[in-house]
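In this chain, numbering begins with 1 at the start of the sequence shown. Please read all numbers here as calculations on a predicted model, not as lab measurements. Counting starts at 1 for both ligands and their atoms, following the listed order.
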Amino acid sequence: MSWHNTPIALMAKALAAKEVSSIELTQYFLDRIEAGKRWNAFLDVNAHLSLEQASKADLLISSGQSGPLTGIPVAHKDVFVTRGWKSTAASKMLEGYLSPFDATVVANLGMPSEDNPRGAGMVCLGKTNMDEFAMGSSNENSAYGPVPNPWNAECVSGGSSGGSAAAVAAGLAPITTGSDTGGSIRQPAAFCGLTGIKPSYGRVSRYGMIAYASSLDQAGPMGKTAEDCAMLLTAMSSHDPRDSTSLADSGEDYGRYLQQAWKAGNTNVAKPLEGLRIGLPKEFFAEGLAEEVANSVNTAAKALEALGATLVDVSLPKTRLSIPVYYVLAPAEASSNLSRFDGVRYGHRAAEYRDLSDMYKKSRTEGFGEEVKRRIMIGSYVLCHGYYDAYYLQAQKIRRIIAADFQAAFNQCDVILGPVAPDVAWRFGEKSKDPVQMYLEDIYTLSTNLAGLPAMSVPCGFNKNNLPIGMQLIGNYFAEARLLQVAHQYQQASDWHLRQASEVA
Ligand code: GLN
């Protein structure tokens with residue numbers, strides 16, 4: 001059985017029917033991780049611990065105490081601290097760091113216990129590679145090396161959750177967690193042909209997720225199908241008193257609409273999306289968008305129309321400003337969050353130094369990579385007295401206007417559709433010399449983080465070089481279940497999400 005081609009929704013059925021054990025599944029993926037080292041998708045694996053969890057999961061299943069995800073393997077982006085596995089956020093600063101506790105996401109998905117009654121019983125396969133401290137769009141900023149794209153090893157896997165994306169695309173994990181501050185779930189999902197969702201801000205706890213820009217950071221699942229993502233998101237999200245921005249627990253099953261028509265009572269099976277208004281923002285289809293990407297997204301829009309949806313033109317006039325706004329606010333927050341890595345409270349300490357300030361300087365110089373240093377410098381600059389009003393305060397104001405743009409658009413439509421990124425995965429090195437060039441790649445994803453809205457990446461085609469293309473679905477606050485419904489209905493009528501990278505056996 002090729003379990004790496006199997007959505008977790010089917011894996012769950014096989015586990016429940018005792019057609020396979022969690023131990024067998026876990027060993028299967030551990031073997032694939034071992035054989036798939038060239039993807040550099042994992043930063044830490046601990047087969048012994050994974051198998052120990054799998055045997056606990058098998059006990060839960062055989063004693064009838066299992067939930068829908070019990071025994072299914074999952075890999076976590078290295079931004080989530082995980083007991084038993086190293087947690088480094090792909091930085092030299094945290095090399096070898098062993099956390100004494102689990103991030104809430106890890107606990108929610110992990111083994112249930114007295115202290116963790118709601119643990120979903122999934123088996124941790126290890127920690128996935130990423131851009132250092134989640135800063136980047138190509139995984140080239142990892143201190144532990146880049147992650148090739150399973151669709152074409154000469155191209156990047158995207159970032160910052162590149163390892164999580166490549167792990168699923170290369171069949172090393174059936175599903176993974178990621179984090180998205182400005183696109184880091186959606187863009188690598190698009191580049192690797194996966195489905196991913198960034199939920200509304202506050203849906204998933206940030207506790208134990210190594211902070212990049214706290215007002216933008218949000219965790220979510222990356223998998224093969226919308227149904228798989230719904231299952232994972234349901235288990236991941238919870239109210240957490242240890243995250244002050246965590247929302248009240250909705251107790252929602254994010255998969256509850258998957259099989260339903262958009263409008264209750266609509267029995268026309270050929271047009272399940274009747275009544276759904278999809279907004280196409282003209283700014284998302286303007287200059288800078290690769291023609292093949294535009295064509296695929298437009299074809300997907302037609303497919304959704306064929307399923308009953310109505311297409312409407314909308315406008316998000318301030319989209320352009322999301323890049324300067326984000327690249328002021330995110331570095332500002334990062335410079336503050338990363339101040340804790342000083343070699344005293346946390347992080348690498350230089351071996352030799354003259355005095356305290358020399359120790360800070362050397363430790364941080366050695367521990368952080370180039371891009372992280374660049375952002376700390378930008379952040380310190382925009383926050384400093386005299387520039388604060390001109391940059392940080394101004395950016396905060398425009399952030400509100402960007403959020404208001406979306407609310408105006410949602411008066412005309414239920415869901416917004418556009419591309420995830422201006423182009424497909426690029427070749428290694430193509431953009432890494434010019435940071436601005438790299439930042440421009442985030443044009444379609446940043447604004448939803450600034451507004452705090454949920455957004456998804458859904459496979460919708462390939463370019464002429466057989467590289468995956470993703471479409472983005474954006475919903476209003478708390479509309480995750482509805483977004484997943486639209487994506488699922490699309491996936492029932494298309495097979496882009498089921499294609500396998502040819503380099504992957
Ligand atoms: N590419 C963006 C950045 O470099 C977004 C990263 C992310 O979402 N973590 O900041």
Does any N or O in the side chain of S87 come within less than 3.5 Å of the main-chain N or O of L98, such that one atom is a donor and the other an acceptor? no
Whether F410 and F406 hold their rings parallel, tilted or perpendicular, with breakpoints at 30° and 60°: parallel
Quick check: D442 and ligand 1, any N/O pair under 3.5 Å apart? yes
Would you say the side chains of H348 and E95 form a donor-acceptor pair under 3.5 Å? no
Criterion salt bridge (Lys or Arg N to Asp or Glu O under 4.0 Å) against D180, the qualifying member of K77, R186, K198: R186
Just say parallel, tilted or perpendicular for the rings of Y207 and F101, cut-offs at 30° and 60°. tilted
Parallel, tilted or perpendicular, judged at 30° and 60°: which one describes the rings of F368 and F133? perpendicular
Contacting atoms of ligand 1, where contact means under 4.0 angstrom from a heavy atom of S160: 9 (N)
So, is G182 polar-close to ligand 1, with some N/O to N/O distance under 3.5 Å? yes
Applying a strict 4.0 Å limit to heavy atoms, is R375 in contact with ligand 1? yes
I'd like to know whether ligand 1 has A330 as a neighbour, heavy-atom separation below 4.0 Å. no
Any side-chain heavy-atom pair of V105 and V204 under 4.5 Å: yes
Any N or O of A134 closer than 3.5 Å to N or O of ligand 1: yes
Of all the atoms in ligand 1, which lie at a distance below 4.0 Å from a heavy atom belonging to G136? 1 (N), 2 (C), 3 (C), 4 (O), 6 (C)
Which class fits the ring pair Y381 and Y387: parallel under 30°, tilted 30 to 60°, perpendicular over 60°? parallel
What's the shortest distance from atom 7 (C) of ligand 1 to any protein heavy atom, and which residue and atom give it? S184 OG, 2.4 Å
How far is atom 5 (C) of ligand 1 from its nearest protein heavy atom, and which residue and atom name does that atom have? Y326 OH, 3.4 Å
Is there a heavy atom of Y439 sitting under 4.0 angstrom from any atom of ligand 1? no
Verify whether one side chain among T195 and H497 offers a donor that lies under 3.5 Å from an acceptor in the other. no
Nearest-neighbour protein heavy atom for atom 1 (N) of ligand 1, which is reported as residue plus atom name and distance: S137 OG, 2.8 Å
In ligand 1, which numbered atoms sit nearer than 4.0 Å to a non-hydrogen atom of Y327? 1 (N), 2 (C), 3 (C), 4 (O), 10 (O)
With a cut-off of 4.0 Å, which atoms of ligand 1 are near a heavy atom of Y212? 3 (C), 9 (N), 10 (O)
